[in-house]
Amino acid sequence: MNEVYEAELLVERAEFAADGVLALSLRHPLGEPLPAWEPGAHIDVVLGPGLERQYSLCGDPADRTAWRIAVLREPDGRGGSAHVHEQLGQGDKVRVRGPRNHFTLRPAARYRFVAGGIGITPILPMLAAAEAAGAEWSLLYGGRTRQSMAFTEELSRYGDRVTVAPQDETGLLDLPSVLDSVPEGTLVYCCGPGPLLDAVEARCPAGCLHMERFTPKEQQGGENTEFEVELARSGATVTVAADVSVLDAVRAAGVEVLFSCTEGTCGTCETDVLDGTPDHRDSVLTDEEQEAGETMMICVSRCRGRRLVLDL
């Protein structure tokens, strides 16, 4: 696997993009250019020991001097968003890794974008890319209230191609209006809370939908059984007990691997599969990628058999 960029970046600017949404602009303290990225990419933000979170890049991919992220404060969250809102401000430094992209914008003549709440962040640069490519596109953007919806002023430049639909004004998003008559060749991109993604998935024709989840989807994996994992690079073979993840078994064997969410949503622990058939239980890979079986998220996925060979 390719070496991952990791650096301590400076918070150049911190400002509220909406009620409860803090936007941070990050740059290298020495002015060095940051790695290139494409719409849909996210970075890992290391907030402290055992406290890492993934945030979508929502700035301009052509700007190598700074990365922009936006963080929704979640009062009932696990502490990451509270840390960002309370501890990070202009002039502070924070360690980041990435970027990674499991939500790539594929070429198409037409797009339908659907965003819910903070799910607007990976969609923002996609709109600019679709516009630059001359594609036909529209965005349906929902949130609790207009005041809670980030970047609405930035979106206003696109005119009536963007429909801003606060729930307290318009009710639930009118998904049939954008999804029930999708022309052939149209790609649908959606990001937001789980119920919205489930509703969009239920209405979209097979093959046209691309989603990014913040929380893991319900899995239908089989019964956990014990199996062996051969680590091709280290030469070791480890036994993965029925109640242990591949990630934990590998780490217990002394092999260092990058990981973050341990829920199968961030893609940090993605590992190449050299032999064997994974039992995919992640919320990152597409159906086609899971069927190919070339990589797996070792924090949640297992083995459909007795043995896997991984590039570790």
Side-chain angles (χ1 to χ4, degrees), residues 20-21 39-40 42 53-56 58 70 72 74-78 80-81 101-106 108 110-124 126-127 137-145 148-150 162-183 186-222 261-267 270 279-291 296-297 299-301:
V21 179
H42 69 261
R53 295 294 183 267
Q54 291 70 45
Y55 299 112
S56 297
C58 58
L72 170 67
E74 301 182 79
D76 298 325
R78 296 177 297 161
S81 67
N101 199 343
H102 289 282
F103 195 37
T104 304
L105 183 68
R106 299 182 181 179
R110 289 174 298 276
Y111 299 98
R112 298 290 181 268
F113 298 102
V114 181
I118 199 63
I120 190 61
T121 50
I123 300 294
L124 266 181
M126 292 185 179
L127 304 182
W137 65 268
S138 66
L139 166 67
L140 179 60
Y141 176 26
R144 298 187 312 279
T145 67
S148 71
M149 298 172 68
V162 173
T163 300
V164 175
Q167 186 172 349
D168 65 339
E169 298 177 21
T170 64
L172 296 176
L173 287 180
D174 184 9
L175 296 179
S177 67
V178 295
L179 298 179
D180 283 1
S181 57
V182 176
T186 302
L187 296 184
V188 178
Y189 279 79
C190 179
C191 186
L196 172 63
L197 270 61
D198 293 341
V200 170
E201 189 172 27
R203 286 189 172 275
C204 278
C208 77
L209 176 60
H210 301 269
M211 301 187 298
E212 182 169 63
R213 292 182 178 270
F214 297 139
T215 56
K217 61 184 178 182
E218 185 176 347
Q219 297 293 336
Q220 303 297 324
C261 73
T262 69
E263 296 179 327
T265 58
C266 74
E270 183 174 15
D279 177 7
H280 294 288
R281 303 184 185 184
D282 67 276
S283 302
V284 177
L285 299 176
T286 64
D287 291 343
E288 293 80 6
E289 289 169 335
Q290 290 190 352
E291 181 66 26
M296 65 183 290
M297 307 302 157
C299 66
V300 292
S301 296

Those residues that, when tested against [X], pass salt bridge (Lys or Arg N to Asp or Glu O under 4.0 Å) (two or more places apart):
X	answer
D180	R203
E201	R213
D174	none

For residues C58 and T121, report the shortest heavy-atom separation together with the two atoms involved. CB-O, 3.3 Å
Contacts of type ring pair (Phe, Tyr, Trp, His ring centres under 6.0 Å), residue Y55, not counting sequence neighbours: none
With H210, which residues qualify under ring pair (Phe, Tyr, Trp, His ring centres under 6.0 Å), at least two apart? Y189
Just to verify, what does [X] make a side-chain hydrogen bond (donor to acceptor under 3.5 Å, both in side chains) with, not counting sequence neighbours?
X	value
E263	none
R110	T186
T145	S148
Q167	none

For [X], what residues pass the side chain to side chain contact (heavy atoms under 4.5 Å, CB included) criterion, not counting sequence neighbours?
X	result
E169	R146, P166
P205	C208
T170	A165

Could you check whether H280 and E289, counting side-chain N and O atoms only, form a donor-acceptor pair closer than 3.5 Å? no
Within a strict 4.5 Å, meaning less than it, do heavy atoms of the F113 and L124 side chains meet? no
Minimum side-chain heavy-atom gap E212-S56 below 4.5 Å: yes
